[in-house]
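Nothing fancy with the numbering, it's 1 onward along the sequence. Everything numeric here is computed off the predicted structure, so don't read it as measured data. In each ligand, atom 1 is the first atom listed, and ligand 1 is the first ligand listed.
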Amino acid sequence: MKKNIVVVGSGYVGTVVGACLAKLGHQVTGVDIDKKKIAKLKRGFSPIYEPGLEELIRANLYKGRLHFTTSLPDALSAAEVVFIAVGTPARADGSCDMKYVWEVAHEIGRNLDHYAVIANKSTVPVGTAGRVRKIIASYKKTNFDVVSNPEFQREGSSVKDFLGPDRIVVGADSPASRKIMREVYSKIKTPKLFIDTASAEMVKYAANAFLATKISYINEIANICEQVGADVKTVAEGVGMDRRIGYSFLDAGLGYGGSCFPKDVKALHNIALNDGYDFKLLKGVIRVNQQQRELVVKKIKRLLGKKIKGKKVAVFGLAFKNNTDDVRESASVEVIKMLKKSKLSINAYDPMAIENAKKVLGRKVRYFTSPYKTVENASLVLIATEWPEFRGLNWKRIKKLMKTGKVVDGRNLLERAEMERLGFEYEGVGR
Ligand SMILES: NC(=O)c1ccc[n+]([C@@H]2O[C@H](COP(=O)([O-])OP(=O)(O)OC[C@H]3O[C@@H](n4cnc5c(N)ncnc54)[C@H](O)[C@@H]3O)[C@@H](O)[C@H]2O)c1
């Protein structure tokens, strides 16, 4: 059944959620305090790179099912469901900064004058639904329900993931809110898990922490593989064939990054600690992830030899993963910062993320729009992001353009035998 939906926050998650809900037939209004973002969206341009998103925005703007505004009070006037999809960044101590969520809750409380379901999509600590409920109720204006509806989309395939998820989890404590949330998602055929709000909030952290653990686990296996002469790619294949384990998230390399895993793993560790529980496993996961970056930097320095000052390293990939322009907590950015400390000169190429990388790395790096220009006179190439297009590059030409043919493959994207046949000195991770 068609609903009138408001999505507060038009970032990586909110924009996708809004455009996809409009595609499902709902009337959707996307809200953001960022005027530039909203102006862009109104003209049919996506503020982020996400495959298929801009087409979806345009199609639904045209059909009159998708609108954007900077005014939450205006958007609320006809809302039946209000999704909160604002950021919950990590504080310095690893805890989750909830200020944007609280601000939105207050604004809803001040302005909502009829029953609506407030659905929280931001990743938040257990107990948030209760606190949002209290904040809105303190304005004593209307009845409402608060539900927790964690989002599992992955950047790079967010549209596909939202429309065809493995499951939809809704933490809803009242039959009325459960019914409305069922209607919101009625067109998506997937298992739907209706549970209490606290458990739903925990599902998101538990899922992300598990995936991050898988990554750190295979990275530790990779480090042992290097010592005993095994190849972690082959090992991961053999391990992943076991259906109880599966292939995904068994790619050894520079470790996880992005706006979710690092922050969510730290937040869960912090939540446990606040309740007097020392989550030792997660401590190890975080430490191993940091170590992967350090090990790759060591490898680069070793390959470059003694006098490394001023030598040029060409970095392929700045985004935290392929198919996105997001550089938040990107392993590539962290490694570049470490390499700069050793006075190396850095050239970088990324198909999508250069503009965002400039905002964090500034003039520390020379940016290129051609991979071939990036490698001119470089002593070493580092593959830092798993963009598949790096595989298809003319590596023979790259070898000729470089000063010395050294490659550190931080994502195990290339084949050692082929690279060595072309005359490269090649090192992957765990191979
Ligand atoms: N990025 C992902 O793939 C992903 C996946 C699942 C869950 N999440 C979670 O979803 C949440 C949002 O993440 P994101 O990556 O979209 O963040 P983001 O920073 O890209 O977007 C957040 C948006 O909220 C806006 N905002 C802040 N305060 C506002 C207010 N008072 N009113 C209206 N808009 C406001 C900001 O301007 C920004 O555009 C986080 O909790 C994150 O952990 C993210």
Handout entry: Heavy-atom side-chain contact between Asn223 and Gln291 under 4.5 Å
Key =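 Answer yes - side chains close enough.
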Exercise for the section: Taking the side chain as every heavy atom from C-beta outward, state whether Ile136 and Ile118 have any atom pair closer than 4.5 Å. Expected result: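 Ile136 vs Ile118: side chains touch.
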Problem - Ring centers of Phe390, Phe316 separated by less than 6.0 Å - result: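 Yes, the ring centres sit under 6.0 Å apart.
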Assess whether atom [atom1] of [X] is packed by more than 12 heavy atoms of other residues, nucleotides or ligands within 6.0 Å.
| X | atom1 | result |
| --- | --- | --- |
| Lys121 | NZ | yes |
| Tyr217 | OH | no |
| Arg366 | CZ | no |

Structural part of [X] in contact with ligand 1, heavy atom criterion under 4.0 angstrom:
| X | answer |
| --- | --- |
| Pro47 | neither |
| Val104 | side chain |
| Tyr100 | side chain |

Taking atom types as modelled and ignoring hydrogens, do the side chains of [X] and [Y] form a donor-acceptor contact shorter than 3.5 angstrom?
| X | Y | value |
| --- | --- | --- |
| Asn347 | Thr374 | no |
| Asn208 | Tyr256 | no |
| Asp161 | Ser158 | no |
| Lys359 | Asn356 | yes |
| Lys37 | Thr15 | no |

Per-atom contacts of ligand 1 with [X], taking only distances under 4.0 Å to non-hydrogen atoms:
| X | value |
| --- | --- |
| Val8 | 32 (N), 33 (C) |
| Gln153 | 3 (O), 5 (C) |
| Val86 | 11 (C), 12 (C), 24 (O), 26 (N), 27 (C), 28 (N), 29 (C), 34 (N), 35 (C), 40 (C), 41 (O) |
| Glu155 | 1 (N), 2 (C), 3 (O) |
| Cys260 | 2 (C), 4 (C), 5 (C), 8 (N), 44 (C) |
| Thr88 | 40 (C), 41 (O), 43 (O) |

Are any of the N/O atoms on [X], whether in the backbone or the side chain, positioned under 3.5 angstrom from an N/O atom of ligand 1?
| X | value |
| --- | --- |
| Lys37 | yes |
| Lys263 | yes |
| Glu151 | no |
| Arg154 | no |
| Lys204 | no |
| Val13 | yes |
| Asp34 | no |
| Arg328 | yes |

Which residue and heavy atom of the protein sit nearest [atom], plus the separation:
| atom | result |
| --- | --- |
| atom 9 (C) of ligand 1 | Thr123 OG1, 3.5 Å |
| atom 20 (O) of ligand 1 | Tyr12 N, 3.1 Å |
| atom 21 (O) of ligand 1 | Gly11 CA, 3.3 Å |
| atom 22 (C) of ligand 1 | Gly87 N, 3.6 Å |

Handout entry: Shortest non-hydrogen contact between Gly11 and Ile48, atoms and distance
Key =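 Smallest interatomic distance, heavy atoms only, reads O-CD1, 4.4 Å.
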Handout entry: Nearest heavy-atom neighbours spanning Val81 and Ala119
Key =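 The pair with the smallest heavy-atom distance is CG1-CB, 4.4 Å.
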Handout entry: From Asp97, Ile33, Asp32 - option closest to atom 30 (C) of ligand 1 by heavy atom
Key =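 Among Asp97, Ile33, Asp32, the closest heavy atom to atom 30 (C) of ligand 1 comes from Ile33.
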